[in-house]
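I have placed the structure first, in the form of structure tokens, so that the comments after it can refer back to it.
These numbers were taken from a predicted model, which means no experiment stands behind them.
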Amino acid sequence: MQYEGVLRKMQTEIGQPIQYYLVFENDFIHVNQLLNKELHLQFLKFQCLNCGNDRPIYRQGFCKNCFFEIPSAGEWILRPELSTAHLDKEDRDLAYEKKVQLQPHIVYLANSSNIKVGVTRKSQVPTRWIDQGAHEAIEILEAPNRYLAGITEVALKDHVADKTNWRKMLTNTGVDEDLVAWSKRLKSFIPEEAKAFFLENNKETVIEFPVAQYPQKVKSLNLQKATTYSGALKGIKGQYLLFEDETVFNIRGNEGLYVSIGIA
């Protein structure tokens with residue numbers, strides 16, 4: 001069986017375990033059904049997720065021109081504390097920025113490779129946790145806009161990490177922390193203007209990933225350089241495919257690559 005299309009982050013569905021889907025323009029793959037099967041990946045060309053042109057991908061699935069022009073790639077995406085829509089100040093497109101920034105945002109703690117703090121739109125819970133490979137998470141603050149969530153994250157990352165160690169996450173060797181205890185410990189470090197949005201007595205969400213075999217030492221696949229790869233799929237975690245030979249392939253990190261996927 002053969003599929004072709006541009007890579008976008010896998011869509012997910014809550015289940016025990018999480019269900020994963022690769023969605024192409026005219027077809028989709030239920031990736032869980034490929035576990036223990038031999039996959040053949042081939043890089044064919046680039047296809048920018050915005051303009052659709054065959055130009056080298058710069059970041060986030062976009063070519064360089066689009067990355068520096070479109071509103072959905074503004075710096076506030078990765079750094080929420082830079083959000084300015086609540087001040088009526090435009091970065092690239094104020095109407096778009098108001099739509100995204102002026103909605104409820106969650107500050108959360110998660111166990112992935114280690115305890116980490118993060119920010120996501122409320123509408124993206126628990127998708128954001130799944131994409132990061134977190135197997136436990138808890139909401140600690142619900143802010144009315146992205147800016148307040150962002151400054152809270154900045155304040156809390158002096159005390160807990162704000163990044164996932166992807167190698168530990170994929171080898172499943174991280175150390176789990178008590179997220180409820182940490183949320184209580186961090187409450188006093190929340191900025192004054194955001195303190196009223198702290199969430200009391202929230203419970204942890206537990207996430208199960210479809211992994212039959214974790215790698216002991218990961219080897220990251222660069223499909224642009226290798227152009228082809230074949231291997232038996234043994235797991236899916238975060239946005240990674242895990243193969244029997246300990247190769248891992250980051251779907252999210254390869255958005256904008258147009259590929260063929262053969263299934264033996």
Give a yes or no answer on whether the side chain of [X] reaches the backbone of [Y] with a donor-acceptor pair at less than 3.5 Å.
X	Y	result
Gln103	Val100	yes
Asn32	Ile18	yes
Tyr20	Gly238	yes
Glu38	Ile263	no
Thr152	Leu148	yes
Arg92	Ile70	yes
Ser183	Val180	yes
Gln124	Thr120	no
Asn202	Ile138	no
Lys237	Thr171	no

Parallel, tilted or perpendicular, as decided by the 30° and 60° cut-offs, for the rings of Trp166 and Tyr240: parallel
If you measure from the Lys or Arg side-chain nitrogens to the Asp or Glu carboxylate oxygens, is any gap between Glu200 and Lys187 under 4.0 Å? yes
Quick one: do Lys122 and Glu142 make a salt bridge, cutoff under 4.0 Å? yes
Side-chain heavy atoms of [X] within contact of [Y], under 4.5 Å:
X	Y	value
Val125	Glu139	yes
Ser220	Asn250	no
Lys64	Pro56	no
Leu44	Leu257	no
Val6	Glu255	no
Leu156	Glu153	no

Take a 6.0 Å sphere around [atom1] of [X] and say whether it holds more than 12 heavy atoms from other residues, nucleotides or ligands.
X	atom1	answer
Gln16	CD	yes
Lys168	NZ	no
Tyr21	OH	yes
Lys219	NZ	yes

Applying the 4.5 Å side-chain criterion to the ILVMFWY set and letting contacts propagate, would [X] and [Y] be lumped into a single cluster?
X	Y	answer
Leu199	Trp129	no
Leu78	Tyr58	no
Leu223	Leu34	yes
Trp182	Tyr108	no
Ile261	Tyr229	yes

Could you please spell out the steps behind the side-chain contact (heavy atoms from CB on, under 4.5 Å) verdict for Val248 and Phe243? CA-CA 6 Å; Val248 301; Phe243 292 93; over 6 Å; no
Please report the shortest heavy-atom distance between [X] and [Y], naming the atom on each side.
X	Y	answer
Arg8	Ile251	O-CG2, 3.3 Å
Ile190	Lys195	O-NZ, 2.8 Å
Tyr96	Pro71	CD2-CB, 3.6 Å
Pro17	Phe209	CB-C, 3.7 Å
Val31	Leu22	CG2-N, 3.7 Å
Leu49	Leu7	CD2-O, 4.0 Å

Residue pair Gln239, Asp131: steps toward the side-chain hydrogen bond (donor to acceptor under 3.5 Å, both in side chains) verdict: CA-CA 5 Å; Gln239 283 287 322; Asp131 289 346; 2.9 Å; yes
side-chain contact (heavy atoms from CB on, under 4.5 Å) between Gln213 and Leu242, worked out: CA-CA 8 Å; Gln213 175 188 315; Leu242 314 180; over 6 Å; no
Any side-chain donor paired with an acceptor under 3.5 Å for [X] and [Y]?
X	Y	answer
Gln19	His30	yes
His105	Arg146	yes
Thr164	Ser113	no
Asn36	Lys234	yes
Tyr214	Glu246	no
His135	Asp176	yes

If the test is side-chain contact (heavy atoms from CB on, under 4.5 Å), which one of Met10, Gln132, Lys9, Gln60 qualifies with Arg252? Lys9
Would you give the length of the straight line joining atom [atom1] of [X] to atom [atom2] of [Y], rounded to the nearest 0.5 angstrom?
X	Y	atom1	atom2	value
Ile57	Phe62	CD1	CZ	9.0 Å
Ile115	Asp178	CD1	CG	8.5 Å
Arg121	Gln101	CZ	CD	10.5 Å
Glu204	Leu109	CD	CG	9.5 Å
Asn165	Met169	CG	CE	9.0 Å
Lys203	Leu179	NZ	CG	15.0 Å

List the steps, then state whether side-chain contact (heavy atoms from CB on, under 4.5 Å) holds for His159 with Phe189. CA-CA 9 Å; His159 308 279; Phe189 300 111; 3.3 Å; yes
Is there a side-chain contact (heavy atoms from CB on, under 4.5 Å) between Glu90 and Thr84 once you walk through the steps? CA-CA 7 Å; Glu90 180 178 271; Thr84 56; over 6 Å; no
Kindly state whether the ring of Tyr258 and the ring of Phe43 have centres lying under 6.0 angstrom apart. no
